Amino acid sequence: MLDIKLIRSNPDLVREAMRRRGETVPLDELLALDERRRALLSEAEQLKARRNRASEEVARAKRAGEDAGHLIQEMRAVGDRIQALDDEVREVDRRLNELLLAIPNIPHESVPYGESEADNVEVRRWGEPRRFGFDPKPHWDVAARLGILDFERAAKVAGARFAVYRGAGARLERALINFMIDVHTQEHGYTEILPPFLANAAAMTGTGQLPKFAEDMFRCEGTDLYLIPTAEVPVTNLHRDEILDADELPLYYVAYSACFRAEAGAHGRDTRGLIRQHQFNKVELVKFVRPDTSYDELERLVADAEDILKRLGLPYRVVQMCTADVGFAAAKKYDPEVWMPSYGRYVEISSCSNFEDFQARRANIRFRPARKAKPEFVHTLNGSGLAVGRTLAAILENYQNEDGSVTVPEALRPYMGGLERIEPER
RNA sequence: GGAAGGGUAGCCAAGCGGCCGACGGCAGCGGUCUUGAAAACCGCCGAGGGCGCAAGCUCUCCGUGGGUUCGAAUCCCACCCCUUCCGCCA
């Protein structure tokens, strides 16, 4: 959420930011509502001040045994007028809030202008895509031969876009989760969180999934609960409505969770394999930081995600999102992408964003910069460290051998009981 | 799911419809005392909004939302959450 005061005092800045995003927002309606609100408030408050003084007078008169009938009579009318004004303020507030919640964040000045994802900018590459001496197979074929992923039976249980992991496949997924969490907790300084996988509407609004992206989520019928699309939601909302001490910051959390996405509007895209599922595992990194440090923290967050790819020996590149593709809540975003032989290109495997105070304002997460100082909004950041299903797919493809086996990356072997290769079943 | 009790400021906690945005205590901050510390004592110490260059003025907030009333932390209704007991249950 943007600060209404910023919009009020600097509408052109906001207008320009929205233009760069390729968005149109009803700024004029918003400004008119804001003005109307303040006029109503001013009138209501004058009347309330009068009523408060009259109430004291009534109390004084009653104690003195005097008659206050005329005052009470007069205040009855004032009360009605206050009621009417408050009702209108409520309605204006509701509409104002509705508009405010639908306005995306302002891109940071370092974000390149662009009109579509085609204008995203590659910022660096690591590793060399392997030259295969044979025709490499897509991961779903590799997995089928190994008997470690079963999409047909998953469809029987839950439908399309679900997977069943089996045997070494299930173990590999679990190994990846443990490996990632261990690296982030033991070497990058994050604290492990295991959050609820369902979150309520207030939490979803806090991080920006609601109200705009309701159709992307699964909702539990008859309840206020949604299956989380990412651990970002429960973990960021851990500190909703809190005022943190300055010396608690920065807070670094790492959380494993299953993630659930309706993938409405993705019909026909990535229909095979693990790339686009209704349910997938992810290890998520979340930071709460002081505003003046958030851009340094973003660079370190990306580096922490990249470190996993390096340790797994997976070639990748990092792409910076342009203004058109930066995401609703983010001010700046990098997407690490892993090399996927079957796609013949790099595929998103993480997404690291600085939200500045956009989520903090929505979720009311503040800190006190110094003793006695007024609370300020923190900056929140998050990034995948990494999407586990896609990482498993990348390993199957990049580490496949001609005989159908898959070499286990060295870093994972301690998590696989020392297993060096996953061999086809006999 | 049933019954009972409870949600008041960072924490604990008091609060006959009007001197209550809220007694008191703890924690924190500043000071007196002390060689230093502790203790004792004194003072400060919630958040948000509106108007204002500012000093300041003012409004709102006692789980949430409604209602009654000239006036609600206090009375009424609904909902949420917590605790205990019972039932069920991985």
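Bear in mind the structure is a predicted one, so any value in this text is a computation, not a measurement. Within every chain, numbering begins at 1; the chains are lettered A, B, ... in the order of the sequence lines, protein sequences first and strands thereafter.
Taking atom P on both nucleotides, B:U68 is separated from B:U74 by 15 Å, rounded to a whole Å. Nucleotides B:G46 and B:G21 are separated by 15 Å at their P atoms, to the nearest Å. Between B:C23 and B:G43, the distance separating the two P atoms is 14 Å to the nearest Å. Nucleotides B:C61 and B:U8, compared at atom C1', are 12 Å apart to the nearest Å. Nucleotides B:A9 and B:A47 have their C1' atoms positioned 9 Å apart, rounded to a whole Å. One P atom belongs to B:U84, the other to B:G31, and the distance between them is 45 Å to the nearest Å.
Among the protein residues, A:N52 comes within range of the sugar-phosphate backbone only, with heavy atoms under 4.0 Å from sugar or phosphate atoms but none that close to a base. Using a 4.0 Å heavy-atom distance criterion, A:A49 is classed as a sugar-phosphate-only contact. A:R8 comes within 4.0 angstrom of the backbone, heavy atoms only, and of no base. At a threshold of 4.0 angstrom between heavy atoms, the contacts of A:R90 are confined to the sugar-phosphate backbone, with no base atom among them.
Contact between the side-chain N/O atoms of A:R368 and the OP1/OP2 oxygens of B:A47 is found at a separation under 4.0 Å. Taking only side-chain nitrogens and oxygens, A:K5 comes nearer than 4.0 Å to OP1 or OP2 of B:G49. Distances shown here put every side-chain N or O of A:R60 at or beyond 4.0 Å from the OP1 or OP2 atom of B:G18. A close approach under 4.0 Å does occur between a side-chain nitrogen or oxygen of A:R366 and OP1 or OP2 of B:G48. Applying the 4.0 Å criterion to OP1 and OP2 of B:G50, one finds that A:R38 has every side-chain N and O outside that range.
Atom CG in A:L41 sits about 8 Å away from atom C1' in B:C59, given to the nearest Å. Here B:G49 presents its C1' atom at 15 Å from CD of A:Q46, a figure rounded to the nearest Å. Here B:C70 presents its P atom at 17 Å from NZ of A:K48, a figure rounded to the nearest Å. The distance from atom CD of A:E56 to atom C1' of B:U58 is 13 Å, rounded to the nearest whole Å. The interatomic distance linking A:L47 (CG) with B:G50 (C1') rounds to 14 Å, in whole Å. To the nearest angstrom, P of B:A47 lies 16 Å from CD of A:E242.
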Using a cutoff of under 3.5 Å, can you pull out all pairs of nitrogen or oxygen atoms linking the protein to nucleotides 72-79 of chain B, with atom names and distances?
none

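Checked against a 6.0 Å centroid threshold, the rings of A:F328 and A:F213 count as neighbours.
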